[in-house]
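Contents: one structure, followed by commentary.
Atom set for the values below is all heavy atoms of this structure, side chains included, hydrogens, waters and symmetry mates excluded. Keep in mind it's a predicted model, so treat the numbers as computed, not measured.
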Amino acid sequence: MDIPRALVITGIAVVSYLMIQAWQRDYMSPQTTPVAQEQTLADDTAPANDSDPLPQPDSAEGTVPEPAGEQQAEAPAPDSQSDSGQRIEVNTDVLALEIDPLGGDIVRVALPEYPRHADTPDQPFVLLQNDASRTYVAQSGLVGKNGTDTAEGRPTWQAGQDRYRLQDGEKELNVDLTLSQSGGVEIIKRYTFERGSYLVRVSHIVRNNSGEAWQGALYGQIKRDGSEDPGKSTQGFIPMPTYLGAAYWSQDKPYNKLPFDDMQDEPLRLTQEGGWIAMLQHYFVSAWIPDAQGRYTYSTLYRENRNEYLLRFVSASAEVQPGEEKVFYAEFYTGPKIQDRLEAISPGFNMTVDYGWLWFLAQPIFHLLVFLQSGELDIFGLQMDLGFGVGNWGVAIILLTLVIKSLFFKLSATSYRSMAKMRKVAPEMQRIKEENKGDRQKQQQETMKLFQREKINPLGGCLPILVQMPVFISLYYVLLESVELRQAPFFLWINDLSVMDPYFVLPILMGASMFLQTRLNPTPADPTQAQVMKWMPVIFSVFMLWFPAGLVLYWLTNNLLSIAQQYLITRKIERGG
């Protein structure tokens with residue numbers, strides 16, 4: 001009977017080790033450290049008086065020319081030249097933005113529907129910002145022969161007003177910034193916002209009223225410093241590991257991570273049709289998604305002197321003939337990682353909700369959890385509202401546990417029967433041990449004969465537990481990554497299931513249930529092993545103190561159901577059933 005427990009302990013240790021390895025591989029991004037030499041992709045068109053080097057438009061073949069040299073001189077421009085200090089405020093039902101007329105960049109994004117903290121609902125989470133504490137902005141413009149952003153600098157756009165608001169009853173809001181070039185060329189930089197949407201359409205409308213052809217290319221980039229994620233969760237003194245870094249789509253693979261350290265060592269250079277490039281953090285993402293029909297060059301740049309990372313795309317150069325008008329456009333997403341919305345925007349974009357190496361289990365668990373909470377069901381992209389939903393994520397987790405428990409009901413029953421039989425023959429096993437104290441081989445032989453005679457599988461007690469561990473890990477990923485469960489309340493003191501129980505009530509109850517469950521198991525004959533099993537509930541309780549409350553709720557519910565099932569089976573076996 002030592003074999004099952006040894007396997008359980010070994011299995012838990014192995015799974016825990018794999019979890020740590022998976023976290024380190026998939027989520028833990030090391031602190032950004034300066035490299036010996038700054039890697040650049042910029043070319044000679046970098047503006048002399050602006051701190052942000054600009055990309056070069058594609059050639060006709062769709063490739064980016066090599067930089068003139070391996071190292072570019074650092075721009076001496078001060079920070080103030082990247083922000084004019086005069087901003088245009090834009091408010092929709094889900095976004096609160098600020099646009100800097102210098103360059104027409106999005107320099108601040110707040111999300112009114114996502115509070116910074118659960119106890120301060122009137123303070124929205126700030127995703128993008130550009131101030132002394134953090135740099136995280138979305139930039140765009142036109143580069144090339146007649147572009148707006150040149151070696152001389154970036155333009156100051158003119159707006160009709162300082163504040164824009166999507167009024168009640170309106171579905172769309174356009175914010176137009178205008179610029180006049182020499183010769184009669186007029187350019188409109190238009191931001192288009194839709195009600196309920198975090199996707200912003202950014203259009204550059206070129207009206208060529210001159211007598212010569214206008215030539216240029218569209219670019220967009222995300223600039224972020226190496227500061228930590230302000231939205232990451234912390235569990236006491238143990239940080240919850242979540243991924244902070246870049247990602248992009250390629251024709252070979254729909255989802256590619258690009259950690260900060262990789263951007264320092266091996267900058268990205270990729271030319272393809274369609275695609276997207278994004279900056280990820282816990283629960284939220286910002287991304288440029290250009291027109292899927294165009295051909296673009298995607299690249300990254302690490303600026304060592306400022307500890308900044310730039311992700312950008314640039315289109316192929318195009319001409320606008322005299323008297324013609326042409327629209328260069330791309331879409332910019334800035335908001336929560338809501339899977340169905342991301343999936344509708346671009347292929348692979350929904351994979352920024354990263355469930356790790358067990359995504360194939362986590363995805364159905366997530367959809368089932370959403371169905372139990374809201375009644376909405378998504379099957380192969382077909383969304384249905386069946387009108388059923390408990391409206392509480394904690395209750396949904398309890399119901400999810402019932403569903404999972406029912407799936408493993410027969411397997412668990414086999415395990416409990418094996419343990420009940422082991423408990424029943426424990427006196428006989430003790431007799432065999434005493435009669436063969438000096439002969440361990442004889443002990444094992446007689447014990448195996450007893451198992452065969454009583455039809456006991458020594459492995460039956462541990463295999464079901466090991467089988468259910470991947471489900472436990474997958475649920476952990478779901479609770480960690482799904483923004484739908486961010487700040488999701490349960491009842492009373494638990495106002496956020498995605499973080500630890502502030503008063504440790506659930507971990508203590510879980511430990512108590514685990515202790516009660518061990519009392520139903522046969523006592524190990526080995527004193528050392530018996531002590532290990534005795535302290536196991538305490539060890540697991542301490543281990544669970546910093547886990548998300550929703551995960552501990554799942555484990556507690558599962559333990560209570562297991563205790564009921566195990567108690568009934570044990571009583572039946574002891575009565576000779």
Q. Does R486 make a cation-pi contact with F125, if we ask for NZ or CZ under 6.0 Å from the ring centre and within 45° of the axis?
A. yes
**Q.** Ion pair R154/D105, N-O distance below 4.0 Å
**A.** yes
(Q) Using the rule given for side chain to side chain donor-acceptor pair (under 3.5 Å), can you reason through Q264 versus Y309, listing the C-alpha separation, both sets of side-chain angles and the distance that settles it, and then say yes or no? (A) CA-CA 9 Å; Q264 296 180 24; Y309 300 86; 2.7 Å; yes
Q. Quick one: OG on S317 to CG on L218, what's the gap to the nearest 0.5 Å?
A. 11.5 Å
Q) Shortest non-hydrogen contact from P121 to A118? A) CD-O, 4.0 Å
(Q) With a 3.5 Å distance limit and no angle check, can you tell me whether T150 reaches the backbone of E152 through a side-chain donor-acceptor pair? (A) yes
Q | N/O donor-acceptor pair under 3.5 Å between R195 side chain and Q167 backbone | A | yes
Q. Would T334 and S286 count as a side chain to side chain donor-acceptor pair (under 3.5 Å) if you check the C-alpha gap in whole Å, the side-chain angles of each, and the deciding distance to 0.1 Å?
A. CA-CA 4 Å; T334 176; S286 60; 5.7 Å; no
Q: Specify the closest pair of heavy atoms between V353 and Q339, including all atoms of both residues, with the distance to one decimal.
A: CG2-CG, 3.7 Å
Q. Between E194 and R201, is there a side-chain N and carboxylate O pair less than 4.0 Å apart?
A. no
Q | Atom of Y164, atom of D176 and distance for their closest heavy-atom approach | A | OH-O, 4.2 Å
Q. If you draw the axis of the six-membered ring of F328, does the NZ or CZ of K326 fall within 45° of it and under 6.0 Å from the ring centre?
A. yes
(Q) Quick check for you: to the nearest 0.5 Å, what is the distance between E319 atom CD and W214 atom CH2? (A) 10.0 Å
Q: Measure across A138 and L128 and return the closest heavy-atom pair with its distance rounded to 0.1 Å.
A: N-CD2, 3.9 Å
Q: Test W157 against I88 for side-chain contact (heavy atoms from CB on, under 4.5 Å), laying out the working first.
A: CA-CA 11 Å; W157 297 81; I88 303 165; over 6 Å; no
Q: State, yes or no, whether a side-chain contact exists between H204 and S140 at a heavy-atom distance under 4.5 Å.
A: yes
**Q.** Side-chain donor/acceptor of K337 to backbone N/O of T352, under 3.5 Å
**A.** yes
Q | R303 and K223, any side-chain heavy atoms less than 4.5 Å apart | A | no
(Q) List the residues meeting side chain to side chain donor-acceptor pair (under 3.5 Å) with D291, not counting sequence neighbours, and say none if there are none. (A) Y329
Q.
Nearest 0.5 angstrom please: E186 CD to E325 CD, how far?
A. 10.0 Å
Q. Less than 4.5 Å apart, any side-chain heavy atom of M351 and any of W359?
A. no
Q) P290 versus Y298: any side-chain heavy-atom pair under 4.5 Å? A) yes
Q) If you count the non-hydrogen atoms of other residues, nucleotides and ligands that lie under 6.0 Å from CZ in R165, is the total more than 12? A) no
Q) Which residues satisfy the side chain to side chain donor-acceptor pair (under 3.5 Å) test with S133, sequence neighbours excluded? A) Q129, D131
**Q.** Atom pair CD (Q487) and CG (L497), whose distance is rounded to the nearest 0.5 Å
**A.** 11.5 Å
Q) Within a strict 4.5 Å, meaning less than it, do heavy atoms of the Y136 and D225 side chains meet? A) no
Q: Ignoring hydrogens and angles, tell me if any N or O in the side chain of Q251 forms a donor-acceptor pair with the backbone of Q272 under 3.5 Å.
A: no
Q: Assess whether atom CG of D162 is packed by more than 12 heavy atoms of other residues, nucleotides or ligands within 6.0 Å.
A: no
Q: Apply side-chain contact (heavy atoms from CB on, under 4.5 Å) to the pair Q86 and T156, showing each step before the final yes or no.
A: CA-CA 11 Å; Q86 300 176 351; T156 298; over 6 Å; no
Q | With W249 via side chain to side chain donor-acceptor pair (under 3.5 Å) - residues at least two apart | A | none
Q) Counting only N and O atoms by type, is there a donor-acceptor contact under 3.5 Å from the side chain of H117 to the main-chain atoms of Q123? A) no
Q. Among F332, Y248, F349, which residue meets the ring pair (Phe, Tyr, Trp, His ring centres under 6.0 Å) test with W288?
A. F332
Q) With a 4.5 Å heavy-atom cut-off, do V175 and L97 have their side chains touching? A) no
**Q.** Heavy-atom pair of closest approach, residues S299 and I277
**A.** O-CD1, 4.1 Å
Q | Nearest-0.5 Å distance, OH of residue Y355 to OG of residue S482 | A | 2.5 Å
Q | Minimum-distance pair of heavy atoms, taken over all atoms of A278 and V285 | A | CB-CG2, 3.9 Å
Q: State, with a plain yes or no, whether a side-chain heavy atom of V94 is found less than 4.5 Å away from one of E113.
A: yes
(Q) Quick check for you: to the nearest 0.5 Å, what is the distance between E266 atom CD and T300 atom OG1? (A) 10.0 Å
Q. So do D100 and N130 actually touch side chain to side chain, heavy atoms under 4.5 Å?
A. no
